[in-house]
Amino acid sequence: MALLVQKYGGSSVGTLEKIRNVANRVCVEREKGTGLVVVVSAMQGETDRLLNLVQQITQRPGEREVDALVSTGEQVSAALLAITLESMGVPARSMSGAQMRIQTDGHFSRARIKHVDQDAFKTALDAGEVVVATGFQGVDSAGNVTTLGRGGSDTSAVALAAALNADECEIYTDVLGVFTADPRICPQAAKLDEICFEEMMEMASQGSKVLQIRSVELAMNHNVPIRVRSTFSEDRGTLVHNEDDALERLVVRGISHNMNEVKFTMYGLPHGKGAATKIFSALAEAQINVDVIVQNAPRENHIDLSFTLDQSDRYKAEDVLKPVLETLKSHSLEIDEKIGKVSIVGVGMRSHAGVAAAMFETLYAQKIDILMISTSEIKVTCVLAKDDIEKAVGALHQAFELA
Ligand code: ADP
Ligand code: ASP
Ligand code: MG
C-alpha cells in the first residue's frame with residue numbers, strides 16, 4: 001500500500017472550519033487506498049500565545065517546562081483533527097511524540113531527532129486508521145518532552161516520511177509553494193516548480209521559513225523529496241528534491257531575508273589572548289547558534305568582534321558572555337536589535353563571477369549601507385538596518401530578474 005506523509009501548518013488548522021477542510025483533503029487521499037500519516041502544527045498563533053504567557057512570568061524560564069508547555073499546542077490540533085475525521089466516519093488515531101516514540105537528544109527547545117520507532121505506527125496503519133501525529137515534539141532518553149525548534153513540525157514530517165519509507169512527503173501551508181522571495185514582502189515573487197535541496201537548505205537557513213532548515217537537511221540526507229503546496233488550492237506546488245543539472249544555469253534562484261536576528265559587538269578585546277575561542281566556545285556550549293561573524297584587523301593589540309544570533313537567544317547569550325567578557329577585561333558589549341539580513345542564493349554562483357559585486361552595486365544604488373557581509377559557495381548575505389530590508393529584497397529581486 002502506498003504511504004503518504006502530509007503535514008499541515010498552523011494556518012491550515014487555525015480554526016475548526018480549516019480543520020474540516022484538512023479532514024476533507026485527508027478523506028480524498030484515503031479513498032485512493034493510500035495509508036496516511038498526517039502531521040499537524042499547533043493552531044495558528046497558539047505557540048506564540050503560550051510563549052507569551054511564559055514571558056509574562058520571566059525572561060529566563062526553565063527550558064524543560066517551556067517545552068512541556070508549548071508541546072501542548074500540537075496535542076490540541078492533533079486530537080481535534082482526529083475527532084473531526086472520526087465524526088466523518090474515518091477511523092483516526094492521534095499520537096503524541098511520546099506515543100510515537102520519537103526519540104530526541106536532551107536539548108530543550110532545539111532538540112534533534114535521533115530515532116523514530118516504526119513499530120509504534122504499525123497497529124494503527126494495519127487497522128486502516130489515519131495516524132494524526134503531533135509535529136514539533138519528541139521525548140529525550142529520560143522521558144522529558146522536548147521540542148524541535150520553531151517551525152519544527154516540518155522536521156517531524158520529514159523524519160516520519162524517512163522512517164516509514166513513505167512514497168511522498170507533502171508540506172501544506174498558506175502559500176502555493178516555494179517562491180523566489182517571501183511573497184509577503186515581495187509581491188513580484190514567483191512560485192518555483194522545483195528547487196534542489198542545497199538551495200532550499202541555504203534559503204531556509206537564511207530566513208525563508210516556509211520550511212524549517214532541519215527538515216531540508218534531513219530530507220537531503222535521506223533523499224526524501226518534499227512537495228510544498230497550499231492547503232487552499234489544487235496547485236501542485238514546489239518539488240524540493242535532488243539537484244538537477246538544468247537548475248545550474250540560474251545564477252540566483254531566490255532571495256531570503258531574516259528580521260529576527262540581533263547583532264552583538266564587543267569593542268577593544270585583547271588581541272592574541274584567545275578572545276574569539278573563549279567567546280564562541282562559551283556560546284557553543286550553551287547550544288547558541290551564531291550566524292554572521294566579522295572581526296576587524298588588530299589595532300594597538302585590540303580587536304573588535306561582531307556577530308549575529310537569533311533574537312530568541314539574546315538573553316541567554318548575554319548571560320553566557322558576561323563572565324567571559326569579565327575574564328577578558330572587556331566591558332563594552334553593544335547589542336543592536338535594529339538589524340536584518342538579506343541573502344541571494346543559487347548553486348549557479350559556483351561557476352559565475354561578479355554575483356556579489358552585482359548585489360553590492362544594487363544596494364549602493366538604493367543608498368542602502370551594508371553593515372556586515374558573509375558568503376558561502378552558493379550564497380551572499382548582507383546585514384543591513386532592519387528598515388532597509390524590504391526595499392533591498394525588492395531591488396535585488398528586480399536586479400537578478402527573478403519575477
Ligand atoms: P506553516 O504555518 O504552514 O508552517 P509558515 O508561516 O511556517 O507556515 O511558512 C509559510 C510562510 O513562509 C509563508 O506565509 C511566507 O510568508 C513565508 N515565506 C518566506 N519565504 C518564503 C519563500 N521563499 N517562499 C514561500 N514562502 C515563504
Ligand atoms: N507550532 C510550532 C511553531 O509555531 C511548530 C510548527 O508550527 O512547525 O513553531
Ligand atoms: Mg512553518
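Residue numbers count from 1 along this sequence. As the structure lists them, so they are numbered: ligands from 1, and atoms in each ligand from 1. Because the structure is a prediction, the values reported are computed rather than measured.
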Quiz item: Has Ala181 got any heavy atom lying under 4.0 angstrom from an atom of ligand 1?
Solution: yes
Quiz item: For Val175, is at least one N or O under 3.5 Å away from an N or O on ligand 1?
Solution: no
Quiz item: Looking at ligand 1, does any of its N/O atoms fall within less than 3.5 Å of an N/O of Lys7?
Solution: yes
Practice problem: For Ser41, counting its heavy atoms only, list the atoms of ligand 2 lying under 4.0 Å from any of them. | Solution: 6 (C), 7 (O), 8 (O)
Quiz item: Tell me: protein heavy atom nearest atom 7 (O) of ligand 1, and distance?
Solution: Lys209 O, 3.4 Å
Quiz item: Between Lys316 and Ala286, is there a donor-acceptor pair closer than 3.5 Å when you use the side chain of the first and the backbone of the second?
Solution: yes
Quiz item: Are Asp140 and Arg64 ion-paired here, with the side-chain N under 4.0 Å from a carboxylate O?
Solution: no
Quiz prompt | Shortest heavy-atom approach to atom 17 (C) of ligand 1 - which of Val393, Leu176, Asp182 | solution = Asp182
Practice problem: Give a yes/no verdict on whether any heavy atom in Gly9 is under 4.0 Å from an atom of ligand 2. | Solution: no
Quiz item: So, does Gly177 sit close enough to ligand 1 that a heavy atom of it is under 4.0 Å from the ligand?
Solution: yes
Quiz item: Considering only the protein, which heavy-atom contact is closest to atom 2 (O) of ligand 1, and what is its distance?
Solution: Gly10 N, 3.2 Å
Quiz item: Is there a nitrogen or oxygen of Pro183 sitting under 3.5 Å from a nitrogen or oxygen of ligand 1?
Solution: no
Quiz item: In terms of heavy-atom contacts, does CD of Gln59 have more than 12 from other residues, nucleotides or ligands at under 6.0 Å?
Solution: yes
Self-check item: Neighbour count above 12 (heavy atom, 6.0 Å) for Arg60 CZ
Solution: yes
Quiz item: Is any side-chain N of the basic residue among Arg350 and Glu198 closer than 4.0 Å to the acidic one's carboxylate O?
Solution: yes
Self-check item: Derivation and outcome, side chain to side chain contact (heavy atoms under 4.5 Å, CB included), residues Lys263 and Met372
Solution: CA-CA 10 Å; Lys263 179 159 74 75; Met372 297 164 93; 3.3 Å; yes
Self-check item: Thr84 side chain reached by Met88 side chain, heavy atoms, under 4.5 Å
Solution: yes
Quiz item: Do the non-hydrogen side-chain atoms of Lys122 and Asp117 ever get within less than 4.5 Å of each other?
Solution: no
Quiz item: So, does Glu74 sit close enough to ligand 2 that a heavy atom of it is under 4.0 Å from the ligand?
Solution: yes
Quiz item: Can you tell me the protein heavy atom closest to atom 14 (O) of ligand 1 and the distance?
Solution: Arg184 NH2, 2.5 Å
Quiz item: Going by heavy atoms, is Met203 under 4.0 Å from ligand 1?
Solution: yes
Exercise. For ligand 2, find out whether one of its N or O atoms is nearer than 3.5 Å to an N or O atom of Gly149.
Key: no
Quiz item: In the protein, which heavy atom is nearest to atom 3 (C) of ligand 2, and how far is it?
Solution: Arg150 NE, 3.4 Å
Exercise. Can you sort out which atoms of ligand 2 are near Ser153, meaning under 4.0 Å from one of its heavy atoms?
Key: 5 (C), 6 (C), 8 (O)
Quiz prompt | Residues Arg112 and Glu217 bridged, charged N to O under 4.0 Å | solution = yes
Quiz item: In terms of residue, atom name and distance, what is the protein heavy atom nearest to atom 24 (N) of ligand 1?
Solution: Phe179 N, 2.8 Å
Quiz item: Any Lys/Arg nitrogen of Lys386 or Asp336 sitting under 4.0 Å from an Asp/Glu carboxylate oxygen of the other?
Solution: no
Self-check item: Carboxylate-amine/guanidinium contact Asp154 Lys7, below 4.0 Å
Solution: yes
Quiz item: Can Gly73 be said to touch ligand 2, with heavy atoms closer than 4.0 Å?
Solution: no
Practice problem: Just go through Thr180, Val210, Val178, Thr173 and tell me whose heavy atom is the nearest to atom 27 (C) of ligand 1. | Solution: Val210
Quiz prompt | Asp313 bridged to Arg110 by N-O distance under 4.0 Å | solution = yes
Quiz prompt | Arg314 bridged to Glu318 by N-O distance under 4.0 Å | solution = yes
Self-check item: Identity and distance of the protein heavy atom lying nearest atom 13 (C) of ligand 1
Solution: Asp174 OD1, 3.5 Å
Quiz item: What are the atoms of ligand 2, with element, lying closer than 4.0 Å to any heavy atom of Gly151?
Solution: 3 (C), 5 (C), 6 (C), 8 (O), 9 (O)
